[in-house]
Amino acid sequence: DDTVSGAPPRQERWLVRAAARQTHADLAAHLSCTELVAVAARLDVREPECRVVRPLGIASGRIPDARFNATSERRHFEARKARMNSATGWCAQQEEAFTYVSVDLGSIHRVKAILVKGVVTNDVVGRPTEIRFFYKQDPSENYVVYFPNFNLTSRDPGNYGELAMITLPLSVQARFVILGIVAYDKNPCLKFELMGCPDTPDEDRLLGYDLGYPVCVDNDPPQFVNCP
């Protein structure tokens, strides 16, 4: 049953798209408070993992170069250049059986997806075809391996610079993250970004409130019909 009491399916689908864009005023204009509550309950937006899913600061430079590390790197393709918007990217030495790049996010975040691209330059081209993801929250902990590995060949075949988006079936809470290259084409190279949000208490994750008060206000008084 795709219907929601008080909100037809087409409006429900529109709400999902609008909620992703945070157009709260538009939502209030198109649906009544009763309809918003009904759809919110159906879409489970009262207890979301993230209020807004966004890049975690690798490409933007919010995470400094010193927080990147790698098992090895080539000249001009250092670990700090693994940012998605880098002109080059990170490339490891080919002699390694398993190589990886790591990053410290600075605080615990909820990671929901990974964006990965290969490297395309005049000198070097390369792209991972299989990736292994590790994470942990505290420096004293051992890394947790996220299973299974992600096969980029079957997920997103194409040229070396093509963007692959890996959506994690189950999001993770992590501060330290490792992307390991299990298999690759030409050279072990990549650029990446993590998508998610800072880890916040459950009560702070309610969608639809950018202000200190809800935009949904029912100005119409209640009406009583056929009351005894």
Side-chain angles (χ1 to χ4, degrees), residues 44 47-74 77-86 89-119 126-152 155 163-184 188-207:
D44 194 27
E47 295 181 1
E49 293 180 331
C50 292
R51 291 184 64 189
V52 181
V53 176
R54 60 182 56 172
L56 296 185
I58 296 175
S60 68
R62 184 180 62 81
I63 298 175
D65 292 347
R67 293 187 186 167
F68 289 84
N69 206 347
T71 51
S72 68
E73 54 190 28
R74 297 176 59 157
F77 297 87
E78 295 83 4
R80 67 180 185 275
K81 296 180 180 177
R83 305 176 191 273
M84 183 63 73
N85 60 347
S86 169
W90 164 69
C91 290
Q93 300 293 335
Q94 288 185 323
E95 295 78 13
E96 292 183 309
F98 178 74
T99 187
Y100 63 80
V101 61
S102 64
V103 62
D104 174 3
L105 299 176
S107 60
I108 296 177
H109 287 67
R110 188 172 290 273
V111 181
K112 297 182 67 68
I114 309 169
L115 304 181
V116 180
K117 294 181 72 173
V119 168
R127 177 181 176 83
T129 57
E130 186 177 354
I131 284 179
R132 186 172 298 161
F133 179 59
F134 304 78
Y135 65 94
K136 65 179 181 179
Q137 297 184 12
D138 189 85
S140 62
E141 298 175 345
N142 293 324
Y143 276 98
V144 178
V145 185
Y146 195 104
F147 288 108
N149 293 346
F150 299 105
N151 190 320
L152 301 187
R155 291 176 61 89
L163 176 66
M165 180 173 179
I166 302 169
T167 301
L168 302 182
L170 294 174
S171 65
V172 300
Q173 293 168 287
R175 173 182 168 182
F176 302 92
V177 167
I178 284 177
L179 282 186
I181 298 180
V182 179
Y184 58 88
C189 304
L190 62 76
K191 297 186 284 188
F192 76 102
E193 176 64 273
L194 301 175
M195 303 293 293
C197 60
D199 193 39
T200 56
D202 293 348
E203 58 269 20
D204 295 338
R205 298 182 196 156
L206 183 62
L207 299 184

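With contacts defined as side-chain heavy-atom distances shorter than 4.5 Å, the pair Thr167/Met165 qualifies. Looking only at side-chain heavy atoms (C-beta outward), Phe133 and Ile178 stay at 4.5 Å or farther from each other. With contacts defined as side-chain heavy-atom distances shorter than 4.5 Å, the pair Pro169/Tyr146 qualifies. Tyr135 is not listed as a side-chain neighbour of Phe176, based on a closest heavy-atom distance of 4.5 Å or more. At a threshold of 4.5 Å between non-hydrogen side-chain atoms, the residues Val116 and Pro128 count as touching. Ser102 is not listed as a side-chain neighbour of Val177, based on a closest heavy-atom distance of 4.5 Å or more. Annotation: side chain of Arg127 is not in contact with side chain of Ile181 (no heavy-atom distance under 4.5 Å). Two residues are said to be in side-chain contact when any heavy atoms from C-beta on lie closer than 4.5 Å; Gln137 and Gln173 meet this criterion.
Taking CD1 of Ile58 as the reference point, atom CG of Leu194 lies at 4.0 Å (rounded to 0.5 Å). With values rounded to the nearest 0.5 angstrom, Glu73 atom CD is found 12.0 Å from Phe68 atom CZ. In this structure, CG in Leu115 is found 8.5 Å from CD1 in Ile166, a value given to the nearest 0.5 Å. For the atom pair OG1 (Thr200) and CD (Glu49), the distance works out to 10.5 Å, reported to the nearest 0.5 Å. Atom CD1 of Ile131 is separated from atom CD1 of Ile114 by 7.0 Å, given to the nearest 0.5 angstrom. The OG atom of Ser86 sits 6.5 Å away from the NZ atom of Lys81 when rounded to the nearest 0.5 Å.
Remark: the Thr71 side chain and the Glu96 side chain contain an N/O donor-acceptor pair separated by less than 3.5 Å. At a cut-off of 3.5 Å, with distance as the only test, no side-chain donor of Asn151 or Glu130 sits close to an acceptor on the other residue.
Annotation: Asp138, atom CG; neighbour count of heavy atoms from other residues, nucleotides and ligands within 6.0 Å is above 12. A 6.0 Å sphere centred on OH of Tyr100 holds no more than 12 heavy atoms belonging to other residues, nucleotides or ligands.
For Arg67 against Gly106, the heavy-atom pair with the smallest separation is NH1-CA, 3.3 Å. Residues Phe134 and Val145 share a closest heavy-atom pair of CE2-CG2, 3.3 Å. Minimum interatomic distance between Ala82 and Trp90 (heavy atoms only, all atoms of both residues): CB-CB, 3.8 Å. Taking all atoms of both residues into account, the shortest heavy-atom contact from Arg83 to Ile63 is NH2-O, 2.7 Å. Residues Gly89 and Val119 come closest through the heavy atom pair CA-CG2, 3.8 Å. Of all non-hydrogen atoms in Leu56 and Cys197, the two that sit nearest each other are CD2-N, 3.4 Å.
Under a 3.5 Å cut-off, the side chain of Glu193 and the backbone N or O of Ala59 do form a donor-acceptor pair.
In this structure, Arg132 is positioned above the aromatic face of Phe98, its NZ or CZ under 6.0 Å from the six-membered ring centre and within 45° of the axis.
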As a quick check of understanding, evaluate side chain to side chain contact (heavy atoms under 4.5 Å, CB included) for Leu179 and Phe150, giving each step before the final call.
CA-CA 11 Å; Leu179 282 186; Phe150 299 105; over 6 Å; no

Ser72 vs Thr99, side chain to side chain contact (heavy atoms under 4.5 Å, CB included): CA-CA, chis, key distance, verdict:
CA-CA 7 Å; Ser72 68; Thr99 187; 4.0 Å; yes

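Look at Lys136 and Asp104 and you find no salt bridge, because none of the NZ, NE, NH1 or NH2 atoms lies under 4.0 Å from a carboxylate O.
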